[in-house]
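Here the structure is laid out as structure tokens; the discussion comes afterwards.
Order of appearance sets the numbers: ligands from 1, and atoms from 1 within every ligand.
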Amino acid sequence: MIEQVAIVGAGQAAVQAIDVLRRQHFAGGITLIGEEAGPPYQRPPLSKGYLAGTVASERLLLRPRTFYEQRAVTTLFGRRVEEIVRRERRLRLDDGRTVPYDALLLATGSRARPLALPGADLDPVLTLRTAADADRIRAACAVGGRVVIVGGGYLGLEVAATLRAQGAIVTVLEQAGRVLSRVACPPVSAFYTAEHERRGVRIVCGAGVREIVAHEGQNRVRAVITEDGETHLADAVVIGAGAQPVTELAAAAGLACGDGIEVDEYCRTSDLSIYAAGDCTHHPSLHYGRKLRLESVDNAFEQGASAALNLMGRPTPHDKVPWFWSDQYDLKLVIVGIGADHDAIVLRGDPAGRAFSACYLRGGELIALESVNMPRDQLAARKLIAARARPDPQRLADPGRPLQDAC
Ligand SMILES: Cc1cc2nc3c(=O)[nH]c(=O)nc-3n(C[C@H](O)[C@H](O)[C@H](O)COP(=O)(O)OP(=O)(O)OC[C@H]3O[C@@H](n4cnc5c(N)ncnc54)[C@H](O)[C@@H]3O)c2cc1C
């Protein structure tokens with residue numbers, strides 16, 4: 001009988017789990033422990049509206065402060081869980097307090113991947129994961145200041161777009177041959193490169209960073225030096241080198257961890273009283289027949305909900321086609337599904353029109369879609385991919401025809 005649920009990590013997955021637990025009439029105790037100072041908030045605006053100063057901090061909150069009280073959740077914010085004592089089913093916190101549990105949900109998220117570079121400790125060399133990080137970036141990147149962003153993934157490009165619109169002089173250094181290389185196909189990368197360059201962002205690909213150097217006799221950043229010896233002057237450096245799952249707590253407790261906390265499709269870890277959800281998990285995708293680690297709101301939301309139902313004893317496999325969005329300037333990129341292992345890509349529409357999709361096929365089956373400013377395509381794709389639709393490539397390429405008509 002589950003009487004006490006403890007949740008470690010106060011983010012998107014945790015909030016969703018709490019919501020589902022109470023909606024499903026879980027009457028036991030819920031304790032939420034999060035090391036950040038306040039209630040859970042949305043991270044996507046941190047590289048967009050919040051960084052631009054157009055979204056206030058109170059509007060970041062995932063739920064109003066009253067949400068937790070109304071659902072009889074004991075909240076311990078600004079507290080870190082130091083240890084899971086599995087034998088006794090209790091948590092040890094950084095203030096020495098103990099929290100007992102019958103079922104535990106780990107929702108510890110991910111953190112910005114640090115770069116072990118000479119000069120990475122100079123001021124200001126910043127990463128972006130929390131609202132406090134966004135505050136630091138905003139303060140360090142003044143109008144007319146030179147900002148070098150290391151990493152041309154979605155986060156680096158969103159920060160580039162926001163800071164450029166604020167009047168900063170922005171350079172993006174990407175080690176790979178193209179931006180967004182981990183998440184998007186070459187035509188989408190080329191499109192985003194052109195859009196950034198059109199607005200004055202300098203994008204340099206194939207640019208591995210060798211070191212960050214300071215002004216003489218100071219610890220203030222002066223420039224970023226790439227492996228080819230080129231000097232990129234900078235008043236501030238933002239590192240966007242991806243994220244890594246927060247697994248130390250789980251690993252120290254002896255739970256199986258690889259590229260994240262290992263869970264099954266029911267969000268169960270290798271200890272059946274401990275579940276995990278969100279960015280911190282390495283989980284199976286039944287649809288794709290492989291394990292995934294995802295960093296997206298959708299995944300945290302869906303896994304949080306699924307974990308809550310499972311720990312209440314209502315078996316609910318997590319088996320959704322994942323999706324993700326990125327906002328840069330007036331462009332909305334939505335990625336649906338997992339395109340790895342594709343054998344063909346069909347473009348719908350012309351990137352020059354600033355609204356197009358790239359459809360990924362494997363053996364004729366639609367497995368993923370990347371769309372720019374094509375909301376109808378991405379909504380249809382979610383259903384078609386789940387249904388393992390096999391579109392006709394010629395009809396698929398016709399943007400005038402609804403996506404579903406190609407199947
Ligand atoms: C700048 C930025 C922009 C993004 N933009 C998008 C976007 O446009 N679209 C999209 O889909 N996704 C986006 N994401 C990703 C998305 O925000 C994450 O996938 C999502 O927040 C993951 O939620 P989570 O609950 O798994 O973890 P998190 O939100 O990371 O929450 C985990 C919490 O656990 C806490 N914690 C960890 N260990 C402990 C411990 N031992 N004790 C107590 N607390 C602990 C952490 O401090 C953290 O507060 C963005 C992320 C960032 C950083």
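Of the possible donor and acceptor atoms, one in the side chain of S285 sits under 3.5 Å from a partner among the backbone N and O of Y288. Here the side chain of R22 pairs no donor or acceptor atom with the backbone of Q70 at under 3.5 angstrom. Judged by distance alone, the side chain of T269 and the main-chain N or O of D271 form a donor-acceptor pair under 3.5 Å.
Listed by atom number, the atoms of ligand 1 under 4.0 Å from S296 heavy atoms are 11 (O), 12 (N), 19 (O). Listed by number with element, the atoms of ligand 1 under 4.0 Å from a non-hydrogen atom of G34 are 43 (C), 44 (N). Listed by number with element, the atoms of ligand 1 under 4.0 angstrom from any heavy atom of R79 are 43 (C). Shown in contact with G278 at under 4.0 Å from a heavy atom are these atoms of ligand 1, numbered in order with element: 26 (O). For ligand 1 and E36, the ligand atoms under 4.0 Å from any heavy atom of the residue are 47 (O), 48 (C), 49 (O). Listed by number with element, the atoms of ligand 1 under 4.0 Å from a non-hydrogen atom of S110 are 30 (O). The contact set between ligand 1 and K48, taken as ligand atoms under 4.0 Å from a residue heavy atom, comprises 5 (N), 6 (C), 7 (C), 8 (O). Atoms of ligand 1 lying under 4.0 Å from at least one heavy atom of A10, given by number and element, are 33 (C), 34 (O).
When only non-hydrogen protein atoms are considered, atom 35 (C) of ligand 1 lies nearest to G9 CA, 3.7 Å. Regarding atom 37 (C) of ligand 1, its nearest protein heavy-atom neighbour is T108 O, 3.3 Å. Protein heavy atom at the shortest distance from atom 3 (C) of ligand 1 is S47 OG, 3.5 Å. The single protein non-hydrogen atom nearest to atom 50 (C) of ligand 1 is Y154 OH, 3.7 Å, given as residue, atom name and distance. What sits closest to atom 53 (C) of ligand 1 on the protein, heavy atoms only, is R129 NH1, 3.8 Å. Scanning the protein for heavy atoms near atom 6 (C) of ligand 1, the closest one is P44 CG, 3.6 Å. Among all non-hydrogen protein atoms, the one lying nearest atom 11 (O) of ligand 1 is V297 N, 3.1 Å. In terms of protein heavy-atom proximity, atom 32 (C) of ligand 1 is closest to A107 O, 3.3 Å.
Between L366 and R388, the closest side-chain pair of non-hydrogen atoms is not below 4.5 Å. Counting heavy atoms from C-beta outward, F301 and S306 have side chains that stay 4.5 Å or more apart. The shortest side-chain heavy-atom distance between I367 and I338 does not fall under the 4.5 Å cut-off. Side-chain contact check for V209 versus L115: every heavy-atom pair is 4.5 Å or farther apart. When side chains are defined from C-beta on, L403 counts as touching R348, because their heavy atoms get closer than 4.5 Å.
The heavy atom nearest to atom 25 (O) of ligand 1, out of those in A112, A13, A37, is found in A13. Atom 19 (O) of ligand 1 has its nearest heavy-atom neighbour, among N299, D279, V246, in D279. Considering only non-hydrogen atoms, atom 28 (P) of ligand 1 lies nearest to R43 out of R80, E83, R43. Of the candidates E82, E295, E35, the one placing a heavy atom closest to atom 47 (O) of ligand 1 is E35. Within the set L93, V8, D94, L155, the minimum heavy-atom distance to atom 1 (C) of ligand 1 is found for L155.
By the neighbour-count criterion of 12 heavy atoms within 6.0 Å, atom CD of Q175 is sparsely surrounded, having that number or fewer from other residues, nucleotides or ligands.
Taking distance alone, with nitrogen or oxygen atoms compared against 3.5 Å, D298 stays at or beyond that limit from ligand 1. Considering backbone and side-chain atoms alike, S326 places every N or O at 3.5 Å or more from each N or O of ligand 1.
Salt-bridge annotation for E174 and R178: absent, with no side-chain N of the basic residue lying under 4.0 Å from a carboxylate O of the acidic one.
With sequence neighbours excluded, the residues satisfying side chain to side chain donor-acceptor pair (under 3.5 Å) with E88 are R90.
Both tests hold for R43 against Y41: distance to the six-membered ring centre under 6.0 Å, angle to the ring axis within 45°.
Considering E158, H196, R199, E195 in turn, H196 is the only one that fulfils the side chain to side chain donor-acceptor pair (under 3.5 Å) rule with Y329.
When ring centroids are compared, Y266 and Y275 stay outside the 6.0 Å threshold.
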